[in-house]
Colleague: 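After the structure tokens below, expect a handful of questions from me.
Fair warning: this is a prediction, and the values are worked out from it, not measured in the lab.
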Amino acid sequence: SDWRRGKSVPRRWESFEPVLNVLIGEARKKNTAPAVDGLYDLRQWRRWWSQARTATSGDVTDLPPQIPSTTCPYKGLAAFEVTDSARFFGRARSVNELVALITQARTTDPGVVLLTGPSGAGKSSLLAAGLSPAVSSGALDTEGGWVPARMTPGKDPMAALRRCLDEPGIKERAEGVGVLIVVDQAEELFTSDVSPESRAEFLDVVHTMSQPSMPRPGIVVIGLRSDALGRCVEIPELADAVQSRCMVLGPMKRAELRD
């Protein structure tokens, strides 16, 4: 810290003490043990302050030790990734509902599955840190397992699909097992950068891949902003999904926020 280098040390203890009183009081209310000895002791802080005031760069040895850094479980506006699954909380019910919808679709009404909701609802996080790890862990309860692969359409959705399936970590693991293809941010399919022909070809391919008659089994889950649902009814593969294979992801409930 700057105190260890004799920098940014309050000039007067009297101006610093009231701030510490408030911070220490709030910390004690949480009933958590201090990260380092003396962190909640005003007298210890006064000793640290005195040492820092008289210190020069490099000669301070008895100042507060560095508090171990921890990973914040909240990512702000950033989406959770597959690697964040261990700190992805509150959406277990939604993950289970999506798995159940996929299972039902494969049994009674094969085709692409839609996950929709307003922007910022957490669709990308649910697909990456919720669904993909659950499927990898056997949530679909099928022999051989499933390999999750995630993509966004971009300007050339077919090229993006090929790149996704050709990734070494996907191509090698997918031999003889099913592939879960997650198409995130599928509203990109309706931008001016994607031609109607390119969009139609991509949707026809992923719809075909999700049919049980295919030699290589596949599951296709599409994450789509709810304001793009109106465009889906114009496309047969997506219109069917909106009617019978669609899940709406809303805001987290109070109980989920406490999870």
Colleague: Say you draw a straight line from OG of S125 to CG of L249; how long is it, rounded to the nearest 0.5 Å?
Modeller: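 Going from the OG atom of S125 to the CG atom of L249 covers 9.5 Å.
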Colleague: If you compare all heavy atoms of R91 against all heavy atoms of G250, which two are closest, and at what distance to 0.1 Å?
Modeller: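 Closest pair (atom of R91, atom of G250, distance): NH2-O, 2.9 Å.
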Colleague: Within the structure provided, determine whether V221 and V112 are in side-chain contact (heavy-atom separation under 4.5 Å).
Modeller: no
Colleague: Do V183 and V220 touch side chain to side chain, with heavy atoms closer than 4.5 Å?
Modeller: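 Yes, at least one pair of side-chain atoms sits under 4.5 Å.
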Colleague: Where the side chain of S132 meets the backbone of L127, is there a donor-acceptor pair that is under 3.5 Å apart?
Modeller: yes
Colleague: Is Q211 reaching over with its side chain to a backbone N or O of H207, donor-acceptor style, under 3.5 angstrom?
Modeller: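 Yes, because the side chain of Q211 sits within donor-acceptor range (under 3.5 Å) of the backbone of H207.
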Colleague: Evaluate the side-chain proximity of Q44 to L39: yes if any heavy-atom separation is below 4.5 Å, no if none is.
Modeller: no
Colleague: To the nearest 0.5 Å, tell me how far T83 OG1 sits from F88 CZ.
Modeller: 12.5 Å
Colleague: Working to the nearest 0.5 Å, report the span between NZ of K253 and OG of S94.
Modeller: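 The NZ atom of K253 sits 7.0 Å away from the OG atom of S94.
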Colleague: If I take atom OG from residue S226 and atom CG from residue L115, how far apart are they, to the nearest 0.5 angstrom?
Modeller: 10.5 Å
Colleague: Run the side chain to side chain contact (heavy atoms under 4.5 Å, CB included) check on L126 and L131 step by step: do they pass?
Modeller: CA-CA 6 Å; L126 186 77; L131 177 65; 5.7 Å; no
Colleague: Distance check, rounded to the nearest 0.5 Å: F80 atom CZ versus S85 atom OG?
Modeller: 10.5 Å
Colleague: Would you kindly confirm whether L42 and Y40 end up in one hydrophobic cluster when ILVMFWY residues are joined by side chain heavy atoms under 4.5 Å apart?
Modeller: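 As far as the 4.5 Å side-chain criterion goes, Y40 and L42 are connected within one cluster.
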Colleague: State, yes or no, whether a side-chain contact exists between C232 and L224 at a heavy-atom distance under 4.5 Å.
Modeller: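 The answer is yes, as the side chains (C-beta and beyond) meet within the 4.5 Å cut-off.
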Colleague: Return the OG to CD1 distance between S210 and I181, rounded to the nearest 0.5 Å.
Modeller: 9.0 Å
Colleague: Quick one: does K123's side chain have a donor or acceptor within less than 3.5 Å of a partner on I222's backbone?
Modeller: no
Colleague: Heavy atoms, side chains only, cut-off 4.5 Å: are L161 and V205 in contact?
Modeller: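 Side chain of L161 against side chain of V205, heavy atoms only: contact under 4.5 Å found.
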Colleague: Could you tell me whether E97 and R93 have a side-chain N and a carboxylate O separated by less than 4.0 Å?
Modeller: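 A salt bridge is present here (some side-chain N lies under 4.0 Å from a carboxylate O).
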Colleague: Verify side chain to side chain contact (heavy atoms under 4.5 Å, CB included) between T116 and R225, making sure each step is shown before the conclusion.
Modeller: CA-CA 5 Å; T116 190; R225 277 206 325 255; 5.9 Å; no
Colleague: In this structure, would V82 and L180 fall into the same cluster of hydrophobic residues linked by side-chain contacts under 4.5 Å?
Modeller: no
Colleague: What closest approach, in Å, do F89 and M252 show between heavy atoms, and which atom pair accounts for it?
Modeller: O-CE, 3.8 Å
Colleague: Among residues at least two apart in sequence or on other chains, which ones pass salt bridge (charged side-chain N to carboxylate O under 4.0 Å, His left out) with E234?
Modeller: R231
Colleague: Looking only at heavy atoms, which two atoms of R106 and G218 are closest? And how far apart?
Modeller: NH1-O, 3.5 Å
Colleague: Inspect the contact between D109 and R245 and indicate whether a charged nitrogen and a carboxylate oxygen are less than 4.0 angstrom apart.
Modeller: yes
Colleague: Identify all side-chain donor-acceptor contacts of residues 189-196 below 3.5 Å with residues at least two apart in sequence or on another chain.
Modeller:
from : atom 1 : to   : atom 2 : distance (Å)
T191 : OG1    : E188 : O      : 2.9
S195 : OG     : S198 : N      : 3.1

Colleague: Please say which of V179, D204, L165, I219 ends up in a side-chain contact (heavy atoms from CB on, under 4.5 Å) with M209.
Modeller: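 So, applying the side-chain contact (heavy atoms from CB on, under 4.5 Å) to M209 and each of V179, D204, L165, I219, only L165 qualifies.
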Colleague: Locate the shortest heavy-atom distance separating A134 from V95; write the atom from each residue and the value.
Modeller: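 The answer is CB-CG1, 4.0 Å.
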Colleague: Name every donor-acceptor pair, under 3.5 Å, that has one atom in a side chain of residues 150-160 and the other anywhere in the protein, sequence neighbours excluded.
Modeller:
from : atom 1 : to   : atom 2 : distance (Å)
R150 : NH2    : E81  : OE1    : 2.4
D156 : OD1    : A159 : N      : 3.3

